[in-house]
**Q** 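Please read through the structure below; I'll follow up with questions.
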Amino acid sequence: MSTVYIRIKWVPMKISELAKISGITASTIRFYEAKGLLPKIQRNINGYRHYSQASVQRLATIECAKRLGFRLADILNVLADSGVTEGLDHNKIVEQLDIRLLEAESLIKGLLAQRDEIVLFKQRLQESWQQGKCLAVDEILSADKR
């Protein structure tokens, strides 16, 4: 089996082009750059920023992490050690994914408990109303302690 190498020509993009390709607004791109999620881009003589394909990849990585529920600080933590040539630290990514998974499972557990409490409270409320009564304060407070 032979390996095929494709040479990709580096074509600089202005921020509007990067926004169009990535689907991320120019103001968000500037925000990410200000927060350090995107490396500072050198400006040309005319003052325009020029981005590369690596910026498109970095933005895709950031958006994926956001969809998974990562905070910007967590994303920055993973991206901080990556350079132009090294890529991302795989161990750090797996570690962060494990942490986020535990957080998601905790949220799910909390939401399921809340759902059960809502169902129970709704039943108690409807039973009380069917009897022509409202729930008394002590009944509402006792529901809070369950």
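For clarity, every value in this text was computed on a predicted model and none was experimentally measured. We're numbering straight along the sequence, starting at 1. All values below were derived from every heavy atom in this structure, side-chain atoms included, with hydrogens, water molecules and symmetry-related copies excluded.
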**Q** Please list, chain by chain and in numerical order, all residues satisfying side chain to side chain donor-acceptor pair (under 3.5 Å) with Arg100, sequence neighbours excluded.
**A**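 Partners of Arg100 under the side chain to side chain donor-acceptor pair (under 3.5 Å) test: Glu103.
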**Q** After noting the C-alpha distance and the side-chain angles of Leu59 and Ile21, does the key distance pass the side-chain contact (heavy atoms from CB on, under 4.5 Å) rule?
**A** CA-CA 10 Å; Leu59 287 173; Ile21 289 170; over 6 Å; no
**Q** If hydrophobic residues (ILVMFWY) are linked whenever their side-chain heavy atoms come closer than 4.5 Å, directly or via other members, who joins Ile108 in its cluster?
**A**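 Once heavy-atom contacts under 4.5 Å are chained together, Ile108 belongs with Leu112.
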**Q** May I have all residue pairs that pass salt bridge (Lys or Arg N to Asp or Glu O under 4.0 Å) and include part of residues 13-32, sequence neighbours excluded?
**A**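 Passing the test, one end in residues 13-32: no pairs.
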**Q** Test of understanding: with side chain to side chain contact (heavy atoms under 4.5 Å, CB included), list the residues that count as partners of Gln130, not counting sequence neighbours.
**A**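 So Gln130 forms no side chain to side chain contact (heavy atoms under 4.5 Å, CB included) with any residue.
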**Q** Within this structure, what is the CG-CG distance for the pair Leu120 and Asp116, rounded to the nearest 0.5 Å?
**A**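 Taking CG in Leu120 and CG in Asp116, the distance rounds to 8.5 Å.
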**Q** Considering only heavy atoms from C-beta outward, does the side chain of Ser22 approach that of Ile29 to under 4.5 Å?
**A**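 A side-chain contact exists here, since the closest heavy-atom pair is under 4.5 Å.
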**Q** Using the test side chain to side chain contact (heavy atoms under 4.5 Å, CB included), find all partners of Lys109 that sit at least two apart in sequence or belong to another chain.
**A**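 For Lys109, no residue satisfies side chain to side chain contact (heavy atoms under 4.5 Å, CB included) once neighbours in sequence are set aside.
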**Q** Should Val56 and Phe31 be counted in the same cluster of Ile, Leu, Val, Met, Phe, Trp and Tyr side chains packed under 4.5 Å apart?
**A**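 Yes, it is one cluster - the side chains of Val56 and Phe31 are joined through contacts under 4.5 Å.
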**Q** Looking at Ala26 and Ile15, what are the two nearest heavy atoms and their distance?
**A**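 Between these two residues, the closest heavy atoms are O-CD1, 3.6 Å.
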**Q** For Asn91, check side chain to side chain contact (heavy atoms under 4.5 Å, CB included) against everything at least two apart and list the hits.
**A**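 Listed in chain order: Asp89.
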**Q** List in chain and number order the residues that pass side chain to side chain donor-acceptor pair (under 3.5 Å) with Lys35, two or more places apart in sequence or in another chain; answer none if no residue qualifies.
**A**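 Residues passing side chain to side chain donor-acceptor pair (under 3.5 Å) with Lys35: none at all.
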**Q** Is there side-chain contact between Ile93 and Gln96, with heavy atoms separated by less than 4.5 Å?
**A**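 A side-chain contact is absent here, since even the closest heavy-atom pair is not under 4.5 Å.
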**Q** Roughly how far apart are Leu38 CG and Arg58 CZ, rounded to 0.5 Å?
**A**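 Answer rounded to 0.5 Å: 6.5 Å.
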**Q** The criterion is side chain to side chain donor-acceptor pair (under 3.5 Å); which residues satisfy it with Thr28, sequence neighbours excluded?
**A**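 Listed in chain order: Thr25.
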**Q** Judged by atom type as modelled, is there a donor-acceptor pair below 3.5 Å linking the side chain of Thr61 to the main-chain atoms of Gln57?
**A**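 A pair under 3.5 Å: yes.
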**Q** Hey, any chance Ile75 and Leu97 share a hydrophobic cluster, counting ILVMFWY side chains that come within less than 4.5 Å of each other, even indirectly?
**A**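 In one cluster: yes.
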**Q** Give a yes or no on whether Ile99 and Leu72 share a hydrophobic cluster (residues Ile, Leu, Val, Met, Phe, Trp, Tyr; joining criterion: side-chain heavy atoms under 4.5 Å apart).
**A**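 No: no chain of side-chain contacts under 4.5 Å links Ile99 to Leu72.
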**Q** Looking at residues at least two apart in the chain, or sitting in another chain, which of them share a side chain to side chain donor-acceptor pair (under 3.5 Å) with Asp74?
**A**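 In terms of side chain to side chain donor-acceptor pair (under 3.5 Å), with neighbours along the sequence ignored, Asp74 is linked to Arg71.
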**Q** For Pro12 and His50, work out which heavy atoms get closest and say how close.
**A**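 Minimum heavy-atom contact is CB-ND1, 3.6 Å.
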**Q** For side-chain contact (heavy atoms from CB on, under 4.5 Å), just list the numbers for His90 and Val94, CA-CA rounded to whole Å, side-chain angles, deciding distance to a tenth of an Å, and then say yes or no.
**A** CA-CA 6 Å; His90 294 181; Val94 170; 5.6 Å; no
**Q** Which pairs, with at least one residue in residues 46-56 and sequence neighbours excluded, count as a salt bridge (Lys or Arg N to Asp or Glu O under 4.0 Å)?
**A**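 Residue pairs with at least one partner in residues 46-56: Glu33-Arg49.
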**Q** Would the distance check show the side chain of Asn44 and the main-chain N or O of Asn46 forming a donor-acceptor pair, the cut-off being under 3.5 Å?
**A**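 Absent.
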**Q** Got a sec, which residues hit side chain to side chain contact (heavy atoms under 4.5 Å, CB included) with Arg67, two or more places apart in sequence or on another chain?
**A**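 Per chain and number, Arg67 pairs via side chain to side chain contact (heavy atoms under 4.5 Å, CB included) with Glu63, Cys64.
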**Q** Taking C-beta and beyond as the side chain, do Ile62 and Phe70 meet within less than 4.5 Å on heavy atoms?
**A**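 They are not in side-chain contact.
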**Q** Cluster question for you: counting only ILVMFWY and a side-chain heavy-atom cut-off of under 4.5 Å, with indirect links fine, are Leu107 and Leu68 together?
**A**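 Different clusters.
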